[in-house]
Amino acid sequence: MSVEEGLQISILASGSTGNSLFIQSKKQKLLVDAGLSGKKITQLLNSIGEDPADLNGILVTHEHRDHIHGVGVLARKYHLDVYANEKTWEAMSPLIGKVDNAQKQIFALGKTMTIGDIDIESFGVSHDAVAPQFYRFHKDGRSFVMLTDTGYCSDYVRGLIKNADAYLVESNHDIEMLRMGPYPWNLKQRILGDKGHLSNDDGALVMTDVLGARTKRIYLGHLSKENNVKEIAHLTMENVLKEHDLGVGYDFQVYDTDPDAASTLFAI
Ligand SMILES: [Zn+2]
Ligand SMILES: [Zn+2]
């Protein structure tokens with residue numbers, strides 16, 4: 001599908017088993033993270049009618065395996081530029097195999113970069129990686145925000161991500177399911193801590209604070225396989241938004257994502 005204005009996005013995969021997102025403008029086709037095998041990401045791209053050979057680059061959020069597993073393979077095979085901040089580069093270099101220096105791009109934390117015709121703002125999050133950063137994409141007055149892998153959302157980040165056209169927001173776990181579930185105590189503490197992941201409730205409360213008149217779509221991302229189910233994540237988001245008198249279902253819609261199926265390409 002060609003794009004004349006704005007951005008088109010598909011969440012190729014989202015969840016604790018692997019994350020990747022496709023975003024395109026008139027002139028650029030980018031991935032954010034490639035946390036599944038190169039083969040699987042190729043299949044996911046093909047499922048939305050895209051070819052990895054047409055990609056221009058991969059932005060990396062942080063060095064956890066569920067975000068970088070396929071980065072090296074795809075970068076080598078298709079000669080893609082890879083963007084990450086300096087500390088993340090240091091941490092992920094030994095994990096992704098050889099990437100040509102010419103393909104290594106620095107995307108400094110907290111800075112804005114223009115890649116082709118897309119302006120991209122990076123912002124730091126609170127997560128147990130060396131320097132995790134997420135992104136807000138701007139094109140033709142429209143914008144898209146990604147916010148997952150964060151234990152909490154600071155006022156500073158809330159200020160940066162207000163009133164986007166669409167969001168991918170973390171709904172990692174249901175707090176009760178996590179507490180009652182099979183994880184060992186220290187792992188539960190890690191997930192619940194300030195450097196872990198946003199729960200269904202936390203993600204929903206962030207949205208009540210940041211969504212605005214432009215907002216049309218909220219995608220629930222990075223669901224835990226063990227400590228969440230889609231229906232609970234979805235209901236929690238909708239209920240919290242309703243409790244805050246926000247127009248869920250008419251002003252904007254809430255969408256699920258899948259760990260191994262691409263969402264339909266949508267335009268903003
Ligand atoms: Zn993750
Ligand atoms: Zn992570």
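Just so you know, ligand 1 is whichever comes first in the structure, and atom 1 is the first atom listed for that ligand.
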Quick check: of its N, O or S atoms, which one does D149 have closest to the Zn ion (ligand 2)? OD2
State plainly whether the residues D258 and K230 are in salt-bridge range, i.e. N to O under 4.0 Å. yes
R142/E5 salt bridge by N-O under 4.0 Å criterion: yes
Between the Zn ion (ligand 1) and H197, is there an N, O or S atom separated by less than 2.8 Å? no
Residues, nucleotides or ligands: over 12 heavy atoms within 6.0 Å of Y78 OH: yes
So that I can check it, does any N, O or S atom in H67 come closer than 2.8 Å to the Zn ion (ligand 2)? no
Any ion pair linking D128 and R190 (charged N to carboxylate O, less than 4.0 Å)? yes
Taking both backbone and side chain into account, is any N, O or S atom of H222 nearer than 2.8 Å to the Zn ion (ligand 1)? yes
Have a look at H64 and say which of its N, O or S atoms is nearest the Zn ion (ligand 2). ND1
Check all N, O or S atoms of D66 and name the one closest to the Zn ion (ligand 1). OD2
Geometric class of the Y83/F107 ring pair [parallel <30°, tilted 30-60°, perpendicular >60°]: perpendicular
